[in-house]
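Each remark here refers to the structure printed beneath this line.
Note: hydrogens, waters and symmetry copies are ignored here, and every other heavy atom, side chains too, is used.
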Amino acid sequence: MNGCQGNPRDGSVLPVGSIETRTFPAVVSPVLATHALNLAISDLKANPPRFNSGILRLQVPIQQQIEAIDWLHAQSQHHIVPRCFFSGRRQRKDESDVFSFRGLINGNGYQNSAISNDLLSVAGVGGAVLFRNVHPFCYKDWKSIKRFLSAKCPFIRAYGAIRFDASSKISSEWEAFGSFYFIIPQVELDELEGRSMLATTIAWDNALSWTWEQAVDAAQATMTQISSTVVKLNKEVTRSFILSNNHIPNKMYWDLAVERALQIINGSSSPLTKVVLARSSKVVIANDVDPIAWLACLQVEGENAYQFCLQPPNAPAFIGNTPEQLFHRNRLGISSEAMAGTRARGESMALDLQIQLDLLSSRKDHLEFTIVRDNIRQKLEAVCDKIVVEPNKAVRKFPRVQHLYAQLAGKLRSEDDEFDILSSLHPTPAVCGFPAEEARHLIAETEVFDRGMYAGPVGWFGGEESEFAVGIRSALVEKGLGALIYAGTGIVKGSNPSLEWDELELKTSQFTKLLKFEGPSRPKTELRNDQMTSSISYCGIIELRVPSTLKKSRVLTPGIHACT
């Protein structure tokens, strides 16, 4: 680790001595921005601060818009870790009426559903401050992160994720992430509307045995590795060979697990009304899969979705393209979303509308959705003065799938309630079930793989603003080992095991449909009942490419439809 370990041994949660951002004159290229930052760091050595702890961000605006994902990929050749990426949802202007929350913005004026600046995506390498532990994320950990953040420095943010179930045993593939993992990047590229910004952040705290001199030297060492040459990623084709695709559980054991869950749900002795069961699919590929290149391909389908990447040192990369917001806080204003029920998109406008109406009229999906929406409203009511739900139920469309959807907003009584919101909203019934404890217990009994950060909170904390998504539609990717792709589906009264399996296939399709199988050999299927897996082996070529449906004019525009 090349930065400050951010958890004080003495339990102190007081702010650090100095929190500052210095902005230098704008330049026209990443090369000049890198040069300006290197000069600024050299000047710092001659002018040490008088504080024993602090955090200083040096930033240089760039007069061109550089995609953060392209910049991050350019750094891969130097193997700078840790690294992170976070992209907020880019909503169309014609959706503004849906997200305006008329009663809150125009009436009370405390909710702002748009991020307070035009920051689109952030890519970071190195670690100015690292927050990680194996114990469950708690209030003291939240305060340890917040002590490095300030409202006057909105671009200093801690990006990270929290395990789905902190009480479960951490498997080897998730070990580097701990129970929670957050990082303030040492060097980052901020992609903004029409421009960019290169920044380096220096953090120090004598009480944490990380002095100013060490912090400056570490930042300078990382800057010497930064590549200023940014080449636009080819998001269409990357060729490789696939060796196997293993599901845990396989279809037979999945059916048994769903049937058992339905017996409990339909029984009179259990309060359980919903449980979300998940599947882990391991894709083994002969050639390396670059997680950043894969994430760039997912961005093509990323409208109305969050993209993220977290990679600790000596660990796989956790990447995802998730549609689901856990919460967004701007000062005291807070919003959250309920999303449940899944259908594919139609090949034509008429078929898409038919599928949409079927989703809206489905009793099974309505039950699953109302459990999620009403539970989130209850959690918000515990810490908010007023809750507004608008729309009450709609269909939200993405390039490949559509879901039942509602948005909720309220006003926190205190900014410290942010921790309560995070800890109470997660896990939502959309990724766990209801009641949560009963559902979590059944998941722990049923699933034989570690969810890790899958279905956990993924996002960032800032000084006066924070935003978290739910880490679904995600995968754990490591060069040389392939990928673990995760998906889950809600089991309620009326669920059908085979249809739920089909829903898993649909949800993972944004990954698997990037892989085109070619070759003369037919797939061979072998079941390994003792390991509860199914394995498919291939002798073909795969292509990582933009899905063909995205290139056709018949593709229907993502958005929110059919408010009721």
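- Between Phe137 and the options Phe177, Phe180, Trp142, Phe468, a ring pair (Phe, Tyr, Trp, His ring centres under 6.0 Å) holds for only Phe180.
- Side-chain contact of Lys282 with Ser244: a donor-acceptor pair under 3.5 Å is absent, judged by distance alone.
- Residues Lys393 and His366 approach most closely at NZ-ND1, 3.0 Å, considering heavy atoms.
- Residues passing the side chain to side chain contact (heavy atoms under 4.5 Å, CB included) test with Pro316 are Leu476, Glu478, sequence neighbours excluded.
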Distance-only donor-acceptor pairs under 3.5 Å for side chains of residues 429-441, two or more places apart:
| from | atom 1 | to | atom 2 | distance (Å) |
| --- | --- | --- | --- | --- |
| Glu437 | OE2 | Arg440 | NH2 | 3.2 |
| His441 | NE2 | Glu445 | OE2 | 3.2 |

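- Considering every non-hydrogen atom in both Ala406 and Val389, the closest pair reads CB-CG1, 4.3 Å.
- Ring geometry for His247 against Trp501 counts as perpendicular: the plane angle is over 60°, on a 0 to 90° scale with 30° as the lower cut.
- Put simply, the side chain of Ser361 gets close to the backbone of Asp358: a donor and an acceptor are under 3.5 Å apart.
- Lys364 has its side chain out of reach of Leu499: every pair of non-hydrogen atoms, C-beta onward, lies at least 4.5 Å apart.
- The backbone N or O of Asp165 lies less than 3.5 Å from a partner atom in the side chain of Ser168, making a donor-acceptor pair.
- Interatomic distance, Glu259 CD to Ser495 OG, rounded to the nearest 0.5 Å: 10.0 Å.
- Rounded to the nearest 0.5 angstrom, Arg89 CZ and Leu120 CG are separated by 14.5 Å.
- Judged purely by atom type and a 3.5 angstrom limit, Trp174 has no side-chain atom pairing as donor or acceptor with the backbone of Met453.
- In this structure, Glu175 places its CD atom where only 12 or fewer heavy-atom neighbours from other residues, nucleotides or ligands lie under 6.0 Å away.
- Taking the six-membered ring wherever Trp is involved, the centroid distance between the rings of Phe318 and Phe308 falls below 6.0 Å.
- Between Ser171 and Glu173, the side chains place a donor N or O and an acceptor N or O closer than 3.5 Å (distance only, hydrogens not considered).
- Gln402 and Val395 make their closest contact through OE1-CG1, 3.5 Å (heavy atoms, listed as atom of the first residue, atom of the second, distance).
- Centroid-to-centroid, the aromatic rings of Phe369 and Tyr405 stay 6.0 Å apart or farther.
- More than 12 heavy atoms of other shown residues, nucleotides or ligands fall within 6.0 angstrom of atom NZ in Lys507.
- Atoms CD and CD, from Gln325 and Glu467 in turn, are 5.5 Å apart once rounded to the nearest 0.5 Å.
- Between the side chain of Glu368 and the backbone N or O of Ala340, no donor-acceptor pair lies under 3.5 Å.
- No donor-acceptor pair under 3.5 Å is formed between the side chain of Ser336 and the backbone N or O of Leu408.
- Ring-plane geometry between Phe449 and Tyr486 is classed as tilted, the angle between the planes lying from 30 to 60 degrees on a 0 to 90 degree scale.
- To the nearest 0.5 angstrom, Ser424 atom OG is 8.0 Å from Leu422 atom CG.
- The two residues Tyr454 and Ala487 have their closest heavy-atom pair at OH-C, 3.2 Å.
- Checked by atom type and distance alone, the side chain of Ser87 never pairs as donor or acceptor with a backbone atom of Tyr306 at under 3.5 Å.
- A donor-acceptor contact closer than 3.5 angstrom links the side chains of Gln307 and Asn321.
- Between the side chain of Asp255 and the backbone N or O of Met252 there is no donor-acceptor pair closer than 3.5 Å.
- What you find for Gly341 and Asp365 is that their closest heavy atoms are CA-OD1, 3.5 Å.
- Arg163 contributes no side-chain N or O that, together with a main-chain N or O of Gly456, makes up a donor-acceptor pair within less than 3.5 Å.
- Distance alone, capped at 3.5 Å, places no donor-acceptor pair between the Arg400 side chain and the Leu506 backbone.
- Between Phe164 and His426, the two ring planes are perpendicular [angle over 60°; tilted spans 30° to 60°].
- Proximity of Ile292 to Cys309: side-chain heavy atoms (C-beta onward) are separated by under 4.5 Å at one or more points.
- Taking CG of Leu504 as the start and OG1 of Thr489 as the end, the distance is 6.0 Å to the nearest 0.5 Å.
- A salt bridge is defined here as a Lys NZ or Arg NE, NH1 or NH2 lying under 4.0 Å from an Asp or Glu carboxylate O, and Glu503 with Arg279 fails to meet this definition.
- For the side chain to side chain contact (heavy atoms under 4.5 Å, CB included) test with Lys274, the passing option among Asn375, Val372, Ile491 is Val372; the others fail.
- In this structure, the separation between CG on Leu442 and CD1 on Ile265 is 8.0 Å, given to the nearest 0.5 Å.
- Closest heavy-atom contact between His328 and Ser466: CD2-O, 3.2 Å.
- No hydrogens or angles considered: a donor-acceptor pair under 3.5 Å links the side chains of Arg83 and Gln311.
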